[in-house]
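As structure tokens, the structure follows; a few thoughts come after it.
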There are 2 protein chains.
Amino acid sequence: MKLTELKAIKLAELFSALSDANRVRIISQLIEGEMSVRALADGLGMTESAVSHQLRGLRQMHLVRARKSGRQVFYSLDDDHVSRLFTLGLDHVQHG
Amino acid sequence: MKLTELKAIKLAELFSALSDANRVRIISQLIEGEMSVRALADGLGMTESAVSHQLRGLRQMHLVRARKSGRQVFYSLDDDHVSRLFTLGLDHVQHG
DNA sequence: GTAATATATGAATACTTGCTCATATATTCA
DNA sequence: TGAATATATGAGCAAGTATTCATATATTAC
């Protein structure tokens, strides 16, 4: 398959979004539905700062979306490609 | 989705395999069929050493397979999960 | 045997990344 | 207003990664 350099970079960036165990766990939580930063941090045993930094990257790649409500920010998956990639990858890991 | 720590790490490792533009380009070439290290290097404008190093990682993750023939080593994709991940990701990049 | 070719690999280095810590911004409540 | 809570962000650092260069191994041709 012929691939332009730009597309190769974009693809690599997309997969990079899922190339860290903590990000994978964040995504896995968000597959269930939207969650606040604190809820994610508590659920994953990460600091809020670390979660926030990671969410920033995911946001910039348009993989998650933020919804502000009062002083909380609820994050959710921005499109279903992510969860499809996620489950396909999980498939590979489980019985690949 | 509840995810064990081990599965999160395995998933992240899988996606890490596709988290570099040069590896993405290597995979994109191998989707066409098997190729030697030199052919890959020539086709991608990389040194043979760099390609060999990357192939080593992909091999260790069982994403590519090596077939030795004379003094050449031909690489091919080791399973179709990879190309499915690849094309799903490309889908996202193109009209996501 | 030697020379040439194809690939692999270790060390060194430049670059990237994910975290912590400190601080800033925004919102709610008293 | 001021204190408390939720999130965001920048700097700095430790760990990881991809490359290059030099060298090693393996195969073929002579």
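Below, chains carry the letters A, B, ... as their sequence lines are ordered, and counting in each starts from 1.
Checking the phosphate oxygens (OP1, OP2) of C:dT5, no side-chain nitrogen or oxygen of B:R71 falls inside 4.0 Å. The phosphate of D:dA6 (OP1 or OP2) has no side-chain N or O of A:Y75 nearer than 4.0 angstrom. In this model, the phosphate group of C:dT7 is not approached by any side-chain N or O of B:S52 to a distance below 4.0 Å at OP1 or OP2.
Between the CD atom of A:Q54 and the P atom of D:dA8 there is a distance of 13 Å, rounded to whole Å. Protein atom CD of A:Q60 is 13 Å distant from nucleotide atom P of C:dG18, rounded to whole Å. Taking atom CZ on B:R67 and atom P on C:dA8, their separation rounds to 13 Å, with Å as the unit. Between the CG atom of B:L55 and the P atom of C:dA8 there is a distance of 7 Å, given to the nearest Å. Note: CZ (B:F15) to P (C:dT17) measures 18 Å, nearest angstrom. Summarising the geometry, the separation between CG on A:L44 and P on C:dC19 is reported as 11 Å, rounded to the nearest angstrom. If you take CG of A:D42 and C1' of D:dT5, they are 13 Å apart, rounded to a whole angstrom. Straight-line distance from the CZ atom of B:R38 to the P atom of C:dA8: 13 Å, rounded to whole Å.
For B:R56, counting side-chain heavy atoms from C-beta on, the closest listed nucleotide (C:dT9, D:dT20, C:dT7) is C:dT9. Here the nucleotide nearest the side chain of B:R59, chosen from D:dT7, C:dT9, D:dT19, is C:dT9.
Residues A:M1 and B:L58 are members of one and the same hydrophobic cluster, defined by side-chain heavy-atom contacts under 4.5 angstrom among Ile, Leu, Val, Met, Phe, Trp and Tyr. B:F74 and B:I31 are not part of a single hydrophobic cluster, where members link through side-chain heavy atoms under 4.5 Å apart.
The NE2 atom of B:H92 sits 8.0 Å away from atom CG of A:L85, with the distance rounded to the nearest 0.5 Å. For the atom pair OG of B:S36 and CG of B:D42, the computed distance is 8.0 Å after rounding to the nearest 0.5 Å. Taken from OH in B:Y75 to CZ in B:R65, the straight-line distance is 12.5 Å, to the nearest 0.5 Å.
You can call A:H53 stacked on the base of D:dT9; the centres are under 5.5 Å apart and the planes sit within 30°.
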Take A:E32 and B:K2 through the salt bridge (charged side-chain N to carboxylate O under 4.0 Å, His left out) test and state the conclusion after the steps.
-> CA-CA 9 Å; A:E32 305 290 290; B:K2 200 71 182 188; over 6 Å; no
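When the nearest nucleotides of DNA chain C are assigned to A:S49 and B:F74 by heavy-atom distance, the more 5′-ward of the two goes with B:F74. If B:K68 and A:Q72 are placed on DNA chain D by their nearest nucleotide, the residue sitting closer to the 5' end is A:Q72.
Using a 4.0 Å cut-off on heavy atoms, none of the residues of residues 18-32 of chain B approach DNA chain C.
Side-chain atoms of B:S19 never come within 3.5 Å of backbone atoms of A:F15 as a donor-acceptor pair (strictly under, hydrogens ignored).
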